[in-house]
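One structure is given below, encoded as structure tokens.
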Amino acid sequence: MTERTLVLVKPDGVERGLIGEVISRIERKGLKIVAMDLRMVSQELAAQHYAEHDGKPFFNSLIEFITSGPVVAAVVEGPRAIAAWRQIAGGTDPVEKAAPGSIRGDFGLETQFNLVHGSDSPESAAREIKLWFPNL
Ligand code: CMP
């Protein structure tokens with residue numbers, strides 16, 4: 001079934017020059033990029049995007065981090081795109097969870113600075129895509 005997912009290259013991924021690496025892995029997998037831009041994230045968008053983490057101990061630093069520099073936001077489409085992108089990205093903790101060969105497994109060290117984001121369900125994908133690309 002064709003799905004769409006939101007993909008972010010977070011400020012650490014952009015800063016480290018990994019935009020091309022991420023795009024390349026998406027394309028090599030056979031997924032299609034249907035929208036993409038480089039932008040600064042407002043406090044408002046950050047808080048809405050991470051609303052489910054409001055109240056957690058790392059919430060404030062998460063907002064500070066995602067608004068600290070430009071991010072690449074993209075909508076990626078394909079069969080089982082949500083799971084496919086999560087496989088490419090690797091688990092949230094780059095050391096304990098992300099497999100070698102995934103983006104986080106290959107390039108990440110810390111859970112907060114885990115380079116990329118992907119929607120975790122069809123419901124999250126719909127909510128996040130509407131938030132980041134309201135005109136799509
Ligand atoms: P992401 O998949 O974008 O969604 C939530 C983010 O919160 C996650 O990636 C991490 O960047 C961050 N995060 C999750 N758990 C922790 C944690 N224990 N400490 C710091 N940051 C976290």
Side-chain angles (χ1 to χ4, degrees):
M1 192 189 78
T2 297
E3 284 179 340
R4 286 182 170 183
T5 186
L6 180 77
V7 167
L8 301 178
V9 184
K10 298 182 188 183
D12 54 340
V14 173
E15 174 68 26
R16 287 178 53 190
L18 294 172
I19 298 171
E21 179 74 33
V22 172
I23 292 173
S24 171
R25 288 178 183 225
I26 290 168
E27 292 186 329
R28 279 155 54 197
K29 184 71 171 172
L31 294 166
K32 194 171 155 194
I33 296 166
V34 297
M36 173 171 267
D37 62 34
L38 180 83
R39 61 171 98 168
M40 289 299 292
V41 182
S42 68
Q43 292 283 328
E44 190 188 358
L45 176 58
Q48 285 179 300
H49 175 75
Y50 283 129
E52 70 176 284
H53 299 294
D54 197 353
K56 292 185 184 167
F58 57 84
F59 181 72
N60 287 345
S61 60
L62 193 55
I63 300 297
E64 197 178 323
F65 166 56
I66 203 74
T67 57
S68 67
V71 309
V72 169
V75 176
V76 168
E77 186 178 272
R80 293 184 290 171
I82 294 169
W85 165 246
R86 289 173 72 77
Q87 182 189 49
I88 295 167
T92 305
D93 181 331
V95 175
E96 299 286 340
K97 300 285 186 212
S102 66
I103 292 169
R104 288 163 170 167
D106 286 350
F107 301 109
L109 273 177
E110 295 179 75
T111 299
Q112 178 160 339
F113 307 110
N114 62 0
L115 303 163
V116 290
H117 167 83
S119 310
D120 64 8
S121 66
E123 295 72 29
S124 306
R127 185 184 77 84
E128 293 174 359
I129 290 168
K130 205 168 154 196
L131 209 51
W132 289 77
F133 291 93
N135 298 324
L136 199 65

request  = Please report the shortest heavy-atom distance between R39 and D37, naming the atom on each side.
outcome  = NE-OD1, 2.8 Å

query = Would V34 and V9 show up in the same hydrophobic cluster when neighbours are defined by side-chain heavy atoms closer than 4.5 Å?
reply = no

inquiry  = For residues 59-81, which residue pairs pass the ring-ring contact (aromatic ring centres under 6.0 Å, His included) check, not counting sequence neighbours?
reply    = F65-F113

ask   = So which pairs with a foot in residues 117-136 pass ring-ring contact (aromatic ring centres under 6.0 Å, His included), sequence neighbours left out?
value = H49-H117, H49-W132

note = Contacts of D120 meeting salt bridge (Lys or Arg N to Asp or Glu O under 4.0 Å) (sequence neighbours excluded), chain-then-number -> none

Residues forming a side chain to side chain donor-acceptor pair (under 3.5 Å) with [X], sequence neighbours excluded:
| X | result |
| --- | --- |
| R80 | none |
| E21 | R25 |
| E77 | R4 |
| Q112 | S61 |

task = Measure from the side-chain N and O atoms of N114 to the backbone N and O of P94, and report whether any donor-acceptor pair falls under 3.5 Å.
result = no

message = When you measure from the side chain of S119 to the backbone of T5, do you find a donor-acceptor pair of N or O atoms at a distance under 3.5 Å?
response = no

Could you tell me which residues satisfy side chain to side chain contact (heavy atoms under 4.5 Å, CB included) with [X], sequence neighbours excluded, listed by chain and number?
| X | answer |
| --- | --- |
| E123 | S121 |
| R16 | L18, F107, L115 |
| L62 | Y50, H53, F58 |
| L38 | V14, I19, P70, V72 |

query = Can T67 and M40 be said to form a side-chain contact (heavy atoms from CB on, under 4.5 Å), step by step?
reply = CA-CA 7 Å; T67 57; M40 289 299 292; over 6 Å; no

Euclidean distance, T2 OG1 relative to L31 CG, rounded to 0.5 Å = 10.5 Å

inquiry  = For the CG atom of L136 and the CD1 atom of I129, what is their distance to the nearest 0.5 Å?
reply    = 7.0 Å

Under 3.5 Å donor-acceptor pairs involving side-chain atoms of residues 41-48, not counting sequence neighbours:
from: S42; atom 1: OG; to: L45; atom 2: N; distance (Å): 3.0

task = Evaluate the side-chain proximity of V116 to V7: yes if any heavy-atom separation is below 4.5 Å, no if none is.
result = no

